[in-house]
Amino acid sequence: MRNEAMSLNQEKPHSMTQVIVTRPEQDATSWMTQLREGGLETISLPLLTLSDLMSSEDAAKASQMALKSQAMMFVSANAVRFFAAALAHQPHWLDHVKRNARVWCTGPGTAAALNAQGIPSHQIDQPAASATQLDSEALWEVVSTQVKAGMHVMFIRGADESGAIAGRDWLVQQLESQQVEVSAVAAYRRRGTVLTASQINHVRTWTQAGAIWLFSSSAALENLIVQCPDMDWSQAKAVVTHPRMALLAQKEGWQHISIAPPGIRSMLASIKSLA
């Protein structure tokens with residue numbers, strides 16, 4: 001397993017290198033565009049499907065919860081988009097945020113989604129551009145000085161197939177250890193995409209041909225492995241966006257793994273290292 005840290009030179013990866021983008025349809029287009037501009041052939045295979053979850057009653061409760069929050073943590077750009085859509089008829093939450101709350105996130109994609117909702121960049125806290133990983137630990141280094149006992153932080157997440165709120169709780173534990181009141185709402189439902197027999201055959205073909213799998217979610221990786229139980233992953237190649245995903249892939253037999261630091265240049269360099 002390699003932790004990719006090389007800089008990208010002017011040479012592009014071979015034009016025939018195939019990259020399998022596993023992000024949900026809502027997210028895949030921007031990544032695929034940038035990868036194609038980097039000289040790669042991209043194939044979209046969404047391994048997660050996202051859908052609306054909040055009822056009008058849920059939205060009203062979420063709006064009231066937002067109004068008492070001193071900070072709101074959006075775990076992804078999709079959390080922003082689905083939450084804003086569900087609360088389109090509850091505008092008071094956004095007015096409150098603009099005047100009285102900090103908004104937290106772990107990456108520039110989520111920050112851009114927040115900007116699109118009218119939240120200015122100066123109210124958004126995210127890991128520094130120089131951070132080696134865009135995750136809760138890096139965010140904590142930025143926001144820990146804001147945290148005070150008795151404040152309220154609201155998390156906006158996705159939910160799993162059962163409707164239970166999904167997501168890691170490391171940041172929640174840090175906040176609760178500082179006597180912070182934490183609440184959470186699920187803005188959307190995340191399901192594993194069910195692959196057809198034809199798609200599973202393509203998975204085998206792509207893997208044997210040396211295609212590079214791109215994962216930005218442990219849930220997507222897990223879904224692929226569960227649906228292809230007889231697959232030999234020992235020759236499969238993967239670029240992942242966090243060390244935890246690399247450990248999961250390695251445990252399941254993947255031997256050719258590169259961890260891409262934040263940014264498209266680093267991602268292209270990681271893909272090139274496996275091509």
Side-chain angles (χ1 to χ4, degrees), residues 1-8 12-50 75-78 106-110 112 132-135 158 190 192-193 195 199-200 202-228 231-275:
M1 182 171 60
R2 287 173 284 181
N3 193 326
E4 177 56 53
M6 68 175 67
S7 62
L8 183 65
K12 290 183 178 180
H14 192 281
S15 61
M16 295 305 292
T17 300
Q18 291 183 320
V19 179
I20 315 301
V21 179
T22 63
R23 290 171 69 83
E25 290 184 0
Q26 292 92 333
D27 302 323
T29 300
S30 62
W31 277 34
M32 293 177 71
T33 298
Q34 293 179 86
L35 293 171
R36 287 170 181 161
E37 290 173 351
L40 298 164
E41 178 184 349
T42 60
I43 299 170
S44 179
L45 184 69
L47 292 173
L48 298 174
T49 300
L50 309 182
V75 303
S76 67
N78 282 310
T106 58
T110 308
T132 56
Q133 294 295 335
L134 301 180
D135 55 16
R190 185 180 70 187
T193 305
L195 301 179
Q199 287 174 319
I200 291 174
H202 282 309
V203 168
R204 190 181 308 277
T205 300
W206 292 329
T207 300
Q208 292 173 347
I212 297 172
W213 292 86
L214 180 57
F215 294 106
S216 59
S217 165
S218 295
L221 175 57
E222 290 169 347
N223 186 39
L224 178 66
I225 292 168
V226 166
Q227 294 199 62
C228 303
M231 196 75 66
D232 177 8
W233 299 112
S234 61
Q235 297 304 311
K237 301 176 181 180
V239 170
V240 300
T241 58
H242 198 280
R244 294 185 189 89
M245 281 177 264
L247 292 173
L248 173 61
Q250 188 179 43
K251 181 180 177 181
E252 297 295 336
W254 298 62
Q255 297 180 18
H256 306 280
I257 308 165
S258 183
I259 303 170
I264 188 62
R265 289 175 60 84
S266 296
M267 187 176 296
L268 286 169
S270 288
I271 292 169
K272 183 180 177 182
S273 75
L274 294 176

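For CD of E25, the number of neighbouring non-hydrogen atoms (other residues, nucleotides, ligands) closer than 6.0 Å is 12 at most.
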**Study point:** CA sep, side-chain torsions, deciding dist, call: I225, W254, side chain to side chain contact (heavy atoms under 4.5 Å, CB included)
**Key:** CA-CA 11 Å; I225 292 168; W254 298 62; 4.0 Å; yes
Exercise for review: Any chance you could lay out the side chain to side chain contact (heavy atoms under 4.5 Å, CB included) test for I20 and V203, step after step, and finish with the verdict?
Suggested key: CA-CA 9 Å; I20 315 301; V203 168; over 6 Å; no
**Study point:** Verdict with supporting geometry, L35 and L268, side chain to side chain contact (heavy atoms under 4.5 Å, CB included)
**Key:** CA-CA 7 Å; L35 293 171; L268 286 169; 3.9 Å; yes
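Residues T22 and L224 have side chains not in contact (no heavy-atom distance under 4.5 Å, counting atoms from C-beta outward).
Heavy atoms only, all atoms of each residue included: I259 and Q133 are closest at CG2-NE2, 4.0 Å. Heavy atoms only, all atoms of each residue included: A260 and S270 are closest at CA-OG, 3.4 Å.
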Please tabulate, one pair per line, all N/O donor-acceptor pairs under 3.5 Å involving side-chain atoms of residues 233-240, not counting sequence neighbours.
residue	atom	partner	partner atom	Å
S234	OG	D232	OD1	2.8
S234	OG	D232	OD2	3.3
K237	NZ	L274	O	3.0

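Here the straight-line distance linking atom CG of L221 with atom CD of E252 works out to 7.5 Å at 0.5 Å rounding. We find the NE2-CG distance between H202 and L45 to be 9.5 Å, quoted to the nearest 0.5 Å. The structure places CG of N78 at 5.5 Å from CD of Q26, a figure rounded to the nearest 0.5 Å.
For T193 (side chain) and P46 (main-chain N/O), a donor-acceptor pair under 3.5 Å exists by modelled atom type.
Among residue pairs with one or both ends in residues 209-228, those qualifying as side-chain hydrogen bond (donor to acceptor under 3.5 Å, both in side chains) are R23-S216, T207-W213, N223-Q227; sequence neighbours excluded.
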